[in-house]
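Structure first, commentary second.
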Amino acid sequence: MLTLAQCGPTLPRDFYERTTLEVAPDLIGKRLCVLHPNDALQTGLIVEVEAYLGTEDRASHARLQKRGGSLVPSARSSLMFGPVGLAYVYLIYGLHHCVNVVAHAPGAVGAILIRALRPEGSLAKKSCSGPAKLCAQLGIDRRHNGSSLLGTIQPAPTDAAGQPLAQIFIATPSQTPAPLPAQVRSGPRIGVAYAGPDALLPYRFGLANDPDLSRPL
DNA sequence: TGCAGGATTAGC
DNA sequence: CTAATCCTGCAA
């Protein structure tokens, strides 16, 4: 199992403060890390993500909604409008959690869904190939909504019930070579057929031919 | 206040 | 292919 120091340097805030479509492919090959209150550490390399943009993206939670005759963004997506480097975690189908990274240019709106990991260490034999599966494996749930991904702090934070909360962060692996940009491919996002033409936008990014993809790219 | 549907997954 | 399951958006 990896130690905290072996995870590599944590991605700084500046990494996330670029356009969402710039940040998304750059997350491929980075290491998602969860430090649990009992000091257990779970990690995996990101092999697949999807970018979700702002009010104009019909597939995004941040898209405009009808309300009182006018169009406004929904309350759920408010984190996507705010500071970068935070986790946006939501419940889907009443059953599963999905985790996003808030990332966008200054004044813009957007987040990146983490869709699949290559599991490492204690996770090595588990499947993290799917946005809900990786959250289940890593113990990520709505208590982490709004938590910072920019590093660990002491003492560990607590949730609304006062219970200790696992800390999530993303690091640049120092012992694994970064994937060549040529190996990162894009394709249409999964499960967004309701978005009409926006369902075809190539905002899904992943390592070409990686066995840990949630689906082939 | 009520209802339709979802950035998914496992199982038949 | 469908069920599971609950929060959110949106109409009434």
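Just so it is clear, the model here is predicted, and its values are computed rather than measured. Proteins get letters first, then strands, A, B, ... in listed order; numbering begins at 1 in each. Just so you know, these numbers use all the heavy atoms, side chains as well, and skip hydrogens, waters and symmetry mates.
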Exercise for the section: Would you indicate what A/Ile92 reaches in the nucleic acid, counting non-hydrogen atoms under 4.0 angstrom: base, sugar-phosphate, or nothing? Expected result: sugar-phosphate
Handout entry: Length of the line joining A/Ile140:CD1 and B/dT8:C1', which is rounded to integer Å
Key = 16 Å
Handout entry: Phosphate-side-chain proximity, A/Tyr93 and C/dC7, N/O vs OP1/OP2 below 4.0 Å
Key = no
Practice task
For the pair A/Gln42 (side chain) and A/Cys33 (backbone), establish whether a donor and an acceptor sit closer than 3.5 Å, ignoring hydrogens and angles.
Solution key: no
Exercise for the section: Report the distance from atom CG of A/Leu53 to atom C1' of B/dA7, rounded to the nearest whole Å. Expected result: 13 Å
Problem - Proximity to the side chain of A/Leu95 - top-ranked nucleotide from C/dA4, C/dA11, B/dA10 - result: C/dA4
Practice task
Establish, yes or no, whether a centroid distance under 6.0 Å links the rings of A/Tyr90 and A/His97.
Solution key: no
Problem - For C/dT5, the Watson-Crick or wobble counterpart (both distances under 3.5 Å) - result: none
Handout entry: Phosphate OP1/OP2 of C/dC10: any A/Gln65 side-chain N/O under 4.0 Å
Key = yes
Handout entry: N/O (side chain, A/His96) to phosphate O (OP1/OP2, B/dT9) under 4.0 Å
Key = no
Handout entry: C/dT5 versus B/dG2 - spacing of their P atoms, nearest Å
Key = 22 Å
Handout entry: Check: A/Leu32 and A/Leu134 side chains under 4.5 Å, non-hydrogen atoms
Key = yes
Handout entry: Rounded distance (Å) that lies between atom C1' of B/dG6 and atom CZ of A/Arg58
Key = 15 Å
Practice task
Let me know the distance between OH of A/Tyr90 and C1' of C/dG9, rounded to the nearest Å.
Solution key: 16 Å
Practice task
Name the nucleic acid region contacted by A/Arg67, choosing base, sugar-phosphate or nothing; use a 4.0 angstrom heavy-atom cut-off, strictly under.
Solution key: nothing
Problem - Identified pairing partner of B/dT1, criterion: Watson-Crick or G-U wobble below 3.5 Å - result: C/dA11
Exercise for the section: Answer yes or no: does a side-chain N or O of A/Arg142 lie under 4.0 Å from OP1 or OP2 of C/dC6? Expected result: no
Practice task
Could you please spell out the steps behind the side chain to side chain donor-acceptor pair (under 3.5 Å) verdict for A/Gln167 and A/Thr152?
Solution key: CA-CA 6 Å; A/Gln167 300 191 72; A/Thr152 60; 5.2 Å; no
Practice task
Could you go through the side chain to side chain donor-acceptor pair (under 3.5 Å) check for A/Gln65 and A/Ser74 one step at a time?
Solution key: CA-CA 6 Å; A/Gln65 314 279 342; A/Ser74 69; 4.5 Å; no
Exercise for the section: Could you tell me whether A/Ala195 contacts a base, only the sugar-phosphate backbone, or nothing, with contacts defined as non-hydrogen atoms closer than 4.0 Å? Expected result: nothing
Practice task
Rounded off to whole Å, could you give me the CZ-to-P distance for the A/Arg115 and B/dT9 pair?
Solution key: 7 Å
Handout entry: pair A/Pro83-A/Tyr16: side-chain heavy atoms closer than 4.5 Å
Key = no
Handout entry: Under 4.0 angstrom between A/Ser74 side-chain N/O and C/dG9 OP1 or OP2
Key = yes
Practice task
Would you mind reading off the distance between A/Leu91 atom CG and B/dT8 atom P, rounded to a whole angstrom?
Solution key: 13 Å
Exercise for the section: Send over the distance from A/Arg189 CZ to B/dT8 C1', rounded to a whole Å. Expected result: 17 Å
Exercise for the section: Compare the minimum distances between each of B/dA7, C/dA11, B/dT8 and the side chain of A/Ala132, then state the nucleotide with the smallest one. Expected result: B/dT8
Problem - Nearest-Å distance for atom pair CZ/C1', residues A/Arg63 and C/dG9 - result: 9 Å
